Amino acid sequence: MIDKEMLYQNLARLVEAPSISGTEDEVLGAYRIKELLMELPYFRQHEENVMLIPMEGDPFDRVIVAAYLEGCPGNPDTVILTGHYDVVDIEEFGGLKDIAYDIEKISERINELPLSDEVKADYESGNWYFGRGTIDMKFGHALSIELLRHYAEAGLDGNILYVAVCGEETNSEGMLAAVPFFTEFAEKRGLRYRSLLLTEGYMVDGQEDGIRYIQYGGAGKVMPMFFCVGKTTHGEEPLLGMDANIMAAEVYREMVLAPEFCQQNHGITSAPPAGLKLQDLKENYSLSTSLYAASYFNIATIKMNPEETMKKLTAVAQRAFENAADLMRRKVEGFTELTGRVPAHYEAVPCVMTYGEMYKAVEKTFNGDLKAHMQECADKYMKENPELQDTCLKLMKHLYELYEDKKPMIVVSVLPPYYPDVNIDTEDEAAAEMLENIDELIEYAAKEHGETVKTSEYYGISDLCYTWLAEGLDFDALFENLIGTDILYKFPTEALKKFKVPAVVIGASGKDMHKYTERLEKSYNFDVLPDLYIHYIDRLLGNKQQ
């Protein structure tokens, strides 16, 4: 069984390492995990089974931590334990920032900050640990390390691969780098992954008090960008050009809250698209109209067909351009009616392209290695402003500048990060086995611990999104339009197609992720959850002492 005191000590030491996303401190979380792993007798005897995998070209020198417990040499059956070690910042803690990583102190003094009645009641109950990273998600790593200790001592008819990744709170850079590692490690060792356990806390909309949750399947998101190119003209002769802002405004009107992008599955309807940014690209004041404008959006996904989505996005761009051209014609007609003469004016012919189409066209005429050139541009732009989306927009603009056929158009692309939604195929043998084991685990939790556990089909946007690409769908239709792929966004398209593992979140109980009131429940997480993990893994792999 799991030693609760060791579990707590792991948690306290992990929280103590700041590991804020996108900072030089983030990697401290990895080093602390390795330190704890090397304290286990098994890994002191098998040091080669603890690996630090560098993130290639990473500005913060982050690493992935992997630890392989070979319980039964020659048996390919393997369970993956994984989660992220990065946390969000601590600005919300205000005057208590200096103790935000000290579980004992922050749990004692959190009442010095404003607390809601619910948080105050939890604080007074004494059943909660406060502190940054307690639930999101240092407890998951503390538990994983103790599970490795348990199985190293108890034995198992299979293997456990534990992988701690970085960057989940930013763009999931760690998991995207881990996917190729998973596939390569399995091929090298001859492994078969039976299940992936994402050791996050559960999070369910409208969750009921006293109910625990197990989640499988993942909600995703895609961020389409529309790059609008007009025809510039002097502000005193506006009818002689095409203001890119008119096109961008029409795109925005067509996209925001458009129900055609909602999906339905398991009785759930995804939210309509939200506008994230709308801007023109004029850097300084002048009397010229805008040549470039862009907008991008968030589309929540639960069952998205990538190919159909790209077709819908290009159709939106086509309608928006036609609407903008029609608006211009009506303005000309109004001016004609006012003055009694037809003014000199520009008539744009609607043109829509995808990023992939433009890239291929530029590649044919570019003198040199276009990918290397775009890499140089990306490096330069990231130094100017390290925001991924801003750099992608600049790359889109530069690609158009290299395109020979200069004319008004709308270019449809996708911005990183992209999170595919995950829908478990119940006809798949491994997935069916996972669902059967989940049902059995729910019965076990009720019988042995008196806990009511329910399932939820969709976990929120997380690293789980990269565990199961749906078969029969053309993801290349979207992948080829994802700006910055293999330049500043390492998106492992081929590895993702190979990495197909049924994933589940047997979640820890906590509240208020990303807030100063973030907290972890003591009783369920320390008294019940470790046993649920052991029971689930035992059913998959078998405990030698049973």
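Computed from a predicted model, the values in this text were never measured in an experiment.
- For the pairing with S19, the side chain to side chain donor-acceptor pair (under 3.5 Å) check across R32, K138, E26 returns one residue only, K138.
- Applying the ring pair (Phe, Tyr, Trp, His ring centres under 6.0 Å) rule to Y202 yields the partners Y213; only residues at least two apart in sequence or on another chain are considered.
- When all heavy atoms of M223 and P416 are compared, the pair lying nearest together is CE-O, 3.2 Å.
- Donor-acceptor pairing under 3.5 Å is recorded for the side chains of Q375 and D379.
- In the displayed structure, E35 atom CD is contacted under 6.0 Å by more than 12 heavy atoms of other residues, nucleotides or ligands.
- Heavy-atom neighbours of E471 CD from other residues, nucleotides or ligands within 6.0 Å: at or below the threshold of 12.
- D512 and R519 are joined by a salt bridge, as a carboxylate oxygen and a charged side-chain nitrogen come within less than 4.0 angstrom of each other.
- Between E92 and K515, none of the side-chain N atoms (NZ, or NE/NH1/NH2) sits under 4.0 Å from a carboxylate O, so this pair counts as no salt bridge.
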Scan the side chains in residues 482-493 for donor-acceptor partners under 3.5 Å anywhere in the protein, sequence neighbours excluded, and list what turns up.
unit_1	atom_1	unit_2	atom_2	d
T485	OG1	L482	O	2.8
Y489	OH	Y418	N	3.1

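- Between atom CE of residue M38 and atom CD1 of residue I33 there is a gap of 14.5 Å, rounded to the nearest 0.5 Å.
- Taking the six-membered ring where the residue is Trp, the centroids of Y419 and Y466 are separated by under 6.0 Å.
- Of the N and O atoms on the side chains of T452 and R212, not one donor lies less than 3.5 Å from an acceptor on the other residue.
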